[in-house]
Amino acid sequence: MDLAEFSPQKVCFFDSGIGGLNLLYESALRLPEAELYYFADNFNVPYGNLPDEELEKAVDEIFSEIAKINPTVAVIACNTVTARCAERLRSKYDFPIVGIQPAVKEAVRAGGKCVVFATPATAKSASLNKLIKEYGNDLTQVVACPKFAQFVEQNIFNLNEEELMKLLPDLKADTVVLGCTHYIFVKETVQKKYGCPVFTGVDGTVRRILKLLGVENKQQIVPFSPKITFVGGDEQKNKRVFYDVLCR
Ligand code: DGL
């Protein structure tokens with residue numbers, strides 16, 4: 001009998017700060033037997049405003065820690081890091097790396113004018129431009145939001161809808177894509193402001209993770225008590241956001 005069959009699958013998630021907890025939560029619901037790790041770097045948020053070199057250095061340090069876990073799958077729960085570093089990381093490591101990306105394809109398919117909100121780094125990335133060339137159309141618009149991720153990171157326990165509304169640009173949209181995992185915490189406010197469907201990219205990313213782990217037919221488990229280790233950044237805060245904001 002092969003003992004390796006009984007060793008738990010290890011999945012490492014990584015975001016600059018709290019944003020990726022949304023993806024961790026949706027994945028954890030379907031992975032009751034896996035060992036989950038959440039790597040973060042909260043004191044360096046916002047990644048989306050960092051120069052390329054600094055971003056790459058921060059990401060490389062964290063990925064070298066992730067590699068020590070020897071993950072079954074690593075998940076970049078950050079659109080900015082996927083856009084800027086995923087290709088390089090995939091060529092460096094031999095474990096599978098899944099990266100969340102703006103859900104342009106899904107949103108454009110729903111019809112009308114699609115507006116993609118993203119961090120400045122994602123907004124100007126070749127990877128988002130490629131995605132839009134492939135799946136977007138003449139009506140697809142990208143809007144860089146330099147202040148939004150940090151606002152959510154800093155105010156997560158006390159989000160003020162009026163202030164949030166002020167940070168959101170006045171524009172018309174038929175669909176909105178949240179191209180940063182931090183924005184998912186304020187999805188309802190975005191929906192209220194623009195009065196249209198809002199896409200996050202979480203569902204598609206969770207499907208890819210489950211497929212790689214060979215458990216794509218797993219149903220959501222409720223209630224659940226996931227085995228999660230929080231590593232790096234503000235571990236206490238990430239834990240609190242996970243259990244008090246998302247699992248509540
Ligand atoms: N959560 C990250 C993303 O999805 C970015 C937040 C940041 O700028 O640090 O892009």
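Whatever order the structure lists them in is the order used to number ligands and atoms, beginning at 1.
A donor-acceptor distance shorter than 3.5 angstrom exists from the side chain of Arg248 to the backbone of Val245, with no hydrogens or angles considered.
With sequence neighbours excluded, the residues forming a side chain to side chain contact (heavy atoms under 4.5 Å, CB included) with Lys113 are Val115, Leu139, Gln141, Asp174, listed by chain and number.
Only the side chain of Asp15 comes within 4.0 Å of ligand 1, judged by heavy-atom distances. If you look at Ala149 next to ligand 1, the close heavy atoms, those under 4.0 Å, all belong to the side chain. At a heavy-atom cutoff of 4.0 Å, ligand 1 is contacted by the side chain of Ser16 but not by its backbone. Both the backbone and the side chain of Thr80 come within contact range of ligand 1, each with a heavy atom under 4.0 Å.
The side chain to side chain contact (heavy atoms under 4.5 Å, CB included) test with Phe117 singles out one residue from Thr122, Val142, Val177, Val176, and that residue is Val176.
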Please test Asp41 against Tyr47 for side chain to side chain donor-acceptor pair (under 3.5 Å), starting from the C-alpha separation and ending with a verdict.
-> CA-CA 9 Å; Asp41 191 15; Tyr47 267 14; 2.5 Å; yes
Starting from the C-alpha separation in whole Å, work towards a yes-or-no answer on side chain to side chain contact (heavy atoms under 4.5 Å, CB included) for Phe13 and Leu21.
-> CA-CA 8 Å; Phe13 293 78; Leu21 293 167; over 6 Å; no
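Evaluated by nearest non-hydrogen atom to atom 1 (N) of ligand 1, the leading choice among Gln150, His182, Arg84, Glu153 is His182.
Salt bridge annotation for Lys57-Glu61: present, with a cationic side-chain nitrogen under 4.0 angstrom from a carboxylate oxygen.
Contact atoms of ligand 1 toward Thr119: 5 (C), 8 (O), 10 (O) (distance under 4.0 Å to a heavy atom of the residue). Distances below 4.0 Å separate heavy atoms of Cys180 from the following atoms of ligand 1: 1 (N), 2 (C), 3 (C), 4 (O), 5 (C), 6 (C), 10 (O). Ligand 1 places these atoms under 4.0 Å from at least one heavy atom of Asn79: 3 (C), 4 (O), 10 (O). Taking every heavy atom of Val45 and a limit of under 4.0 angstrom, the matching atoms of ligand 1 come to 9 (O).
Looking from atom 7 (C) of ligand 1 to the surrounding protein, the closest heavy atom is Tyr47 N, 3.2 Å. Among all non-hydrogen protein atoms, the one lying nearest atom 8 (O) of ligand 1 is Gly48 N, 2.8 Å. Of the protein's heavy atoms, Cys78 SG, 3.2 Å lies nearest to atom 2 (C) of ligand 1.
A centroid separation of less than 6.0 Å is found between the aromatic rings of Tyr93 and Phe63.
Both tests pass for Arg240 against the ring of Phe157: distance under 6.0 Å to the centre and angle within 45° of the axis.
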